[in-house]
Amino acid sequence: MTAQHILSQFRSTGVSTCFHDRHIQPQILADLNGNNWRLKDYEARGGYQALRKILGADGSEPMSQDQVIATVKESALRGRGGAGFPTGLKWSFMPRQFPGNKYLVCNSDEGEPGTCKDREILEFNPHIVIEGMAIAAFAMGTSVGYNYIHGEIFATYERFEEALEEARSAGLLGNKILGSNFSFQLHAAHGFGAYICGEETALLESLEGKKGQPRFKPPFPASFGLYGKPTTINNTETFAAVPWIIRNGGAAYLACGKPNNGGTKIYSVSGDVELPGNFEVPMGTPFATLLELAGGVRKGRQLKAVIPGGSSSPILPASIMMDCTMDYDSIAKAGSMLGSGAVIVLDDSRCMVKSLQRLSYFYMHESCGQCTPCREGTGWLYRMVDRIENGEGRAADLELLNSVSENIQGRTICALGDAAAMPVRAMLKHFTPEFEYHIKHKTCMVPAYV
């Protein structure tokens, strides 16, 4: 299917930021035109059929927990929050015979710069997340769940609360759901905007009412999570993919993407493009096609570089990125990460030193301060890049930047240290001449920077 064909269908459906081919693809984002996020609208689109199917409430034979997990494994659904860990395998880690409370948590703390997909799922199709979480709770034998929602989208949090109340009133949440023996209580929790709470153990600390700082691992949440009990944590988009998988089968979802990368993925495309937004396309879609769906590079300029998976993923120059397909394996082979799917496009007017200055400031600001390499190192990185940007750079700074990055990466409790170090090392690897020019000439080599 050509990009022109995809874009034609994309525009004709009235779906302003989501492409959906009804014959082969699931649709996570609903039609964004109008007020159709309510329970009645979701059910009209086939909502809660998957939950009814696993419980036998549709007249069919109920599914077992093992069958649900096997179906998710077959789909090759991988975590959509950034790590890309196989979802079905993660669910199988939950000790189902544990004598006591176990918890299910949705990570909706979407704070990665460039990422804006989860908030749209919660705003325009909240019931798909509720149904996905209920199915996951059934599969793992958990009776209580929480959706931790980013602190800067309070209106979205309120909408999700309304959707929860609709589901409870309809008997889709609570005790003995749809007349079965399955009970599941789901609650929303509102964060306070800290980037670090996107890290799963910092999120758990925040849910417990503590300061949001990452925990040492092991133990992992599957054995020692919320309130010290077994806990499974998945991203919003991951849960949103589950109902379609159960309704249509794991093989059908896998066929939407490519081996080891099943289904569709929502990409948040921002930066120097004509049509920034969220695009749901099959895993393995060529980057060139995604760029075309986003209207191409703005004002007819040339593509310079792409940050393919949110600000923490290593930048790739255009010469490499244009040969990539949008899936975990292809991007990793190219030397970066698919991450959250936040695709930040940079055209030839962008200064890489200035761009790195902005990124380094963000990670310095968002470090929780728990680990010395991150607390001190992120500040050193920012101050050195800032010095270069402002015409005070020294020839030794480039080697020092690499050295500091190497001493941060892999030496912190969580991945924020890596997130700060990897962009620095990638910028220096692919765009060294710009940094050298800044140091030698005390100005930017990009003449038309805007």
Original post:
Taking atom NE2 of His365 as the centre, does the number of heavy atoms from other residues, nucleotides or ligands within less than 6.0 Å exceed 12?
Top reply: no
Original post:
Is any side-chain heavy atom of Glu110 less than 4.5 Å from a side-chain heavy atom of Thr236?
Top reply: no
**OP:** Compute whether any side-chain donor of one residue and acceptor of the other, for Ser108 and Asp118, lie under 3.5 angstrom apart.
**Re:** no
**OP:** Measure the spacing between OG1 of Thr232 and CG of Leu226 and express it to the nearest 0.5 Å.
**Re:** 11.5 Å
Original post:
Under a 4.5 Å cut-off applied to non-hydrogen side-chain atoms, are Leu338 and Met283 in contact?
Top reply: yes
Original post:
So, does Ser206 use its side chain to make a donor-acceptor pair with the main chain of Leu203 at under 3.5 Å?
Top reply: no
**OP:** Any chance you could measure Leu186, atom CG, to Ile130, atom CD1, to the nearest 0.5 Å?
**Re:** 6.5 Å
Original post:
In Å and rounded to the nearest 0.5 Å, what is the CD to OH distance from Glu200 to Tyr148?
Top reply: 14.0 Å
Subject >> Test log, rule side chain to side chain contact (heavy atoms under 4.5 Å, CB included), inputs Ile307 and Leu359 >> reply: CA-CA 11 Å; Ile307 303 175; Leu359 291 176; 4.3 Å; yes
Subject >> Backbone N/O of Val446 and side chain of Arg350: donor-acceptor pair under 3.5 Å >> reply: no
Subject >> Glu131/Arg45 under salt bridge (charged side-chain N to carboxylate O under 4.0 Å, His left out): CA gap, chis, key distance, verdict >> reply: CA-CA 13 Å; Glu131 184 180 13; Arg45 299 192 297 269; over 6 Å; no
Subject >> Smallest separation among heavy atoms of Ser336 and Pro314, with atom names >> reply: OG-O, 2.6 Å
Original post:
Looking at Asp397 and Arg387, what are the two nearest heavy atoms and their distance?
Top reply: OD1-NH2, 2.6 Å
Original post:
Got a sec: does the NZ of Lys442 have more than 12 other heavy atoms crowding it under 6.0 Å?
Top reply: yes
**OP:** Please lay out, stage by stage, how Trp91 and Val242 fare under the test side chain to side chain contact (heavy atoms under 4.5 Å, CB included).
**Re:** CA-CA 12 Å; Trp91 289 8; Val242 171; 3.8 Å; yes
Original post:
Minimum heavy-atom separation for Leu254 to Ala76, with atom names?
Top reply: CD1-CB, 3.6 Å
**OP:** State the CD1-SG distance between Ile388 and Cys444, to the nearest 0.5 angstrom.
**Re:** 12.5 Å
Original post:
Can any side-chain N or O of Glu74 pair as donor or acceptor with the backbone N or O of Gly249 at less than 3.5 Å?
Top reply: no
**OP:** Report the C-alpha distance between Val424 and Ile408 in whole Å, list the side-chain angles of each, state the deciding distance to 0.1 Å, and finish with yes or no for side chain to side chain contact (heavy atoms under 4.5 Å, CB included).
**Re:** CA-CA 11 Å; Val424 174; Ile408 296 174; over 6 Å; no
Subject >> Flag, side chain of Lys117 to backbone of Ala342, donor-acceptor distance under 3.5 Å >> reply: no
Original post:
How are the rings of Phe93 and Phe85 set relative to one another: parallel (under 30°), tilted (30 to 60°) or perpendicular (over 60°)?
Top reply: tilted
Subject >> Glu280 and Thr264: side chain donor to acceptor below 3.5 Å >> reply: yes
Original post:
How close do Cys106 and Met133 get, heavy atom to heavy atom, and via which atoms?
Top reply: CB-SD, 3.5 Å
**OP:** Output, in order, the C-alpha distance, side-chain angles, deciding distance and verdict of side chain to side chain donor-acceptor pair (under 3.5 Å) for Arg375 and Thr372.
**Re:** CA-CA 5 Å; Arg375 180 183 66 247; Thr372 301; 3.1 Å; yes
Original post:
Without hydrogens or angle criteria, can the side chains of Ser311 and Tyr363 be said to hold a donor-acceptor pair below 3.5 Å?
Top reply: yes
Original post:
Is Asn248 close to Tyr253 at the side-chain level, that is, under 4.5 Å between some pair of heavy atoms?
Top reply: no
Original post:
Counting only N and O atoms by type, is there a donor-acceptor contact under 3.5 Å from the side chain of Asp347 to the main-chain atoms of Arg301?
Top reply: no
**OP:** Check step by step if side chain to side chain donor-acceptor pair (under 3.5 Å) holds for Asp418 and Gln409.
**Re:** CA-CA 5 Å; Asp418 292 2; Gln409 193 169 346; 5.1 Å; no
Original post:
Got a sec: does the CH2 of Trp380 have more than 12 other heavy atoms crowding it under 6.0 Å?
Top reply: no
**OP:** Measure the CE-OG distance between Met321 and Ser330 for me, rounded to the nearest 0.5 Å.
**Re:** 7.5 Å
Subject >> Chi angles and distances behind the salt bridge (charged side-chain N to carboxylate O under 4.0 Å, His left out) call for Lys333, Asp323 >> reply: CA-CA 11 Å; Lys333 185 177 180 181; Asp323 291 331; over 6 Å; no
Original post:
Has the side chain of Glu237 got a donor or acceptor atom that lies under 3.5 Å from a matching backbone atom of Ile266?
Top reply: yes
**OP:** Answer whether the closest heavy-atom distance between the side chains of Glu208 and Tyr227 falls below 4.5 Å.
**Re:** yes
**OP:** Test Phe279 against Leu290 for side chain to side chain contact (heavy atoms under 4.5 Å, CB included), laying out the working first.
**Re:** CA-CA 8 Å; Phe279 299 86; Leu290 181 63; 3.9 Å; yes
Original post:
Under the 3.5 angstrom rule, does the side chain of Arg80 hit a backbone N or O of Arg78 as a donor-acceptor pair?
Top reply: yes
Subject >> Validation row: Arg215, Ile413 side chains within 4.5 angstrom (heavy atoms) >> reply: no
Original post:
Does a side-chain heavy-atom distance below 4.5 Å link Thr443 with Tyr437?
Top reply: yes
Original post:
If you look at every heavy atom in Met140 and Arg96, which pair is closest and at what distance?
Top reply: O-CG, 3.4 Å
Subject >> Short side-chain to backbone donor-acceptor contact, Tyr267 and Met326, under 3.5 Å >> reply: yes
Original post:
Looking at Lys299, Gln302, Arg298, which hits side chain to side chain donor-acceptor pair (under 3.5 Å) with Ser349?
Top reply: Arg298
Subject >> Min side-chain heavy-atom separation Phe184-Leu104 under 4.5 Å >> reply: yes
Subject >> Leu207 side chain near Tyr103 side chain, heavy-atom distance below 4.5 Å >> reply: no
**OP:** Hey, could you give me the CZ/OG1 distance between Phe362 and Thr378, rounded to the nearest 0.5 Å?
**Re:** 11.5 Å
Subject >> Within 6.0 angstrom of Lys429 NZ, more than 12 heavy atoms from elsewhere >> reply: no
Original post:
Within the distance-only criterion (no hydrogens, no angle test), does the side chain of Ser403 pair as donor or acceptor with the backbone N or O of Leu400 below 3.5 angstrom?
Top reply: no
Subject >> Close aromatic pair by centroid cut-off 6.0 Å: Tyr361 and Tyr382 >> reply: yes
Original post:
Please walk me through it: do Glu199 and Thr201 pass side chain to side chain donor-acceptor pair (under 3.5 Å)?
Top reply: CA-CA 6 Å; Glu199 196 278 333; Thr201 60; 2.6 Å; yes
Subject >> Side-chain donor or acceptor of Ser312 paired with backbone N/O of Ala419 under 3.5 Å >> reply: no
Original post:
For the residue pair Glu389 and Cys351, what are the closest heavy atoms and their distance?
Top reply: OE1-SG, 4.1 Å
**OP:** Kindly assign one of parallel, tilted or perpendicular to the pair Tyr157 and His190, based on the angle between their ring planes and the thresholds 30° and 60°.
**Re:** tilted
